[in-house]
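A short write-up of the structure that comes next.
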There are 2 protein chains.
Amino acid sequence: MAIEVDDILRRNSLSVTDSRKKILSLFLSIHGALAHGDIERKAGEKFDRVTVYRTLQTFVEKGIIHTIPTTDNSVRYALCKDNCTEGHHHDNHIHFICMQCGSTLCLEEVLVPEVRLPKGFTSSEIEVVIKGICKECNNKKNSPIVETAGLRLRL
Amino acid sequence: MAIEVDDILRRNSLSVTDSRKKILSLFLSIHGALAHGDIERKAGEKFDRVTVYRTLQTFVEKGIIHTIPTTDNSVRYALCKDNCTEGHHHDNHIHFICMQCGSTLCLEEVLVPEVRLPKGFTSSEIEVVIKGICKECNNKKNSPIVETAGLRLRL
DNA sequence: ATTGTCGCGCAACTGAGTTGCAAAATCTAT
DNA sequence: ATAGATTTTGCAACTCAGTTGCGCGACAAT
Ligand SMILES: [Mn+2]
Ligand SMILES: [Mn+2]
Ligand SMILES: [Zn+2]
Ligand SMILES: [Zn+2]
């Protein structure tokens, strides 16, 4: 994994630095998207916030991560799994925001649907964001309720 | 029109004030969406920016306008044409951003497509934003080029 | 190891959006 | 129409995310 991180950086002709390694490995380890704040919290003790901003920006430019727009106007970032390159993203999938656990997921397996535009319009990019309850949270809802120490909990 | 504005405000039990009238009539007169900045520019000479913020917020809460998320993380607002009510928006249409003229449009006639989510996921809201070239701009592209005073212009 | 390039941290700045409060406008009841 | 209660406005002050410039230290090429 440490090797993979170095490799990705080198492949994108980025010098291998502590902050880049740390932030990139965060993305590799987590399943889902990260907001700037998350990263600052998980890696920020060690690095300046400016560095986090600049690193994210660099990663987006290189096509290592992509941004996900949200209704509440806060940007999130996730690894590009398709092979995006410098200046050319083609993450052709939809995004899901769980309103229970708050996690943002790339649904790689769900392709963006065809949309028939009115005559005269031409499209070059389509962004689909769905809000709802994720698989994990739905599973929990159906799991048995446990009573311990006066508390009723779902596992 | 002045009557319509007053009427909409009253129907939503809002007191009829100059700023609300002005901003609402802006939305009624324009075809498309407005960013906060646009409104400040077109109506802001007369009203404080705080008033603009608060007015937009009130209109959104009442279901008079709705927000449109954009990739560049700037919110835009457009009239709700479906009969949205306090706390209950149901603008079931997609949004289009023209990369040439910059305008944001509600494509009321295009319903949001069905999306088949992976097993376990449930959705409650779906947001589709398409970037491209709008009808008008495409038309201009095909219109004849006029040469005047050494300039080459499309009509 | 030397040298030139690049990334980092710091500090200072910018600009969007928010808040509290007193004055002004609107509404309601007489 | 008037007066009093209520709502909205404008101002000033503030917060907080994101940006910029710059000197120092880390990195990569030789
Ligand atoms: Mn994604
Ligand atoms: Mn709309
Ligand atoms: Zn969830
Ligand atoms: Zn256009």
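Quick note on labels: first sequence line is chain A, next is B, and so on, each numbered from 1.
- Atom CG in A/Leu14 sits roughly 10 Å away from atom P in C/dC8 (whole-Å rounding).
- Rounded to an integer number of Å, the gap from CG of A/Asp18 to C1' of C/dG9 is 14 Å.
- Nucleic acid contact for A/Thr58: none, since no nucleic acid atom lies under 4.0 Å from a heavy atom of the residue.
- Judged by closest nucleotide on DNA chain D, B/Lys46 is the one of B/Arg49 and B/Lys46 placed further toward the 5' end.
- Phosphate proximity of D/dT8 to B/Arg20: present, with a side-chain N or O under 4.0 Å from OP1 or OP2.
- Contact check, B/Ser15 against C/dA25: no side-chain N or O comes under 4.0 Å of OP1 or OP2.
- Put simply, B/Thr51 has no side-chain N or O that comes within less than 4.0 Å of OP1 or OP2 on D/dT8.
- Ranking D/dT9, D/dA12, D/dG18 by closeness to the A/His36 side chain, first place goes to D/dG18.
- Separating the CG atom of A/Asp38 from the P atom of D/dA17 is a distance of 13 Å, rounded to the nearest angstrom.
- Both B/Arg10 and B/Gln57 sit near DNA chain C, but only B/Gln57 has its closest nucleotide nearer the 5' end.
- A donor and an acceptor atom sit less than 3.5 Å apart, one in the side chain of B/Arg54 and one in the base of D/dG10.
- Here D/dC11 presents its P atom at 12 Å from CZ of B/Phe47, a figure rounded to the nearest Å.
- Side-chain contact of B/Thr55 with B/Arg20: a donor-acceptor pair under 3.5 Å is absent, judged by distance alone.
- Put simply, CD on A/Glu40 is 9 Å from P on D/dG18, counting in whole angstrom units.
- In terms of heavy-atom proximity, A/Ala33 sits nearest to A/Asp38 at O-OD2, 4.5 Å.
- When distances run from any side-chain atom of A/Val16 to the nucleotides C/dG9, D/dA28, C/dT19, the shortest one goes to D/dA28.
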(request) Walk me through it: do B/Leu105 and B/Ile97 pass the test side chain to side chain contact (heavy atoms under 4.5 Å, CB included)? (result) CA-CA 6 Å; B/Leu105 304 170; B/Ile97 301 176; over 6 Å; no
(message) Using ring-ring contact (aromatic ring centres under 6.0 Å, His included), reason through B/Tyr77 and B/Phe27 one step at a time and then give a plain yes or no.
(response) CA-CA 9 Å; B/Tyr77 303 86; B/Phe27 276 107; 7.1 Å; no
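- If you take CD1 of A/Ile23 and C1' of C/dC8, they are 12 Å apart, rounded to a whole angstrom.
- The distance between atom NZ of B/Lys22 and atom P of D/dG10, rounded to the nearest whole Å, is 14 Å.
- The side chain of A/Asp48 sits closest to C/dG9 out of D/dT7, D/dG18, C/dG9.
- Among the nucleotides D/dT20, D/dC27, C/dT18, the one closest to any side-chain atom of A/Thr17 is D/dC27.
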(message) Before you tell me yes or no, could you show the steps for B/Leu14 and B/Phe59 under side chain to side chain contact (heavy atoms under 4.5 Å, CB included), namely the whole-Å CA-CA distance, both residues' side-chain angles and the distance that decides it to 0.1 Å?
(response) CA-CA 9 Å; B/Leu14 290 174; B/Phe59 285 179; 4.1 Å; yes
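- One can place OH of B/Tyr77 at 11 Å from C1' of C/dA16, the figure rounded to the nearest angstrom.
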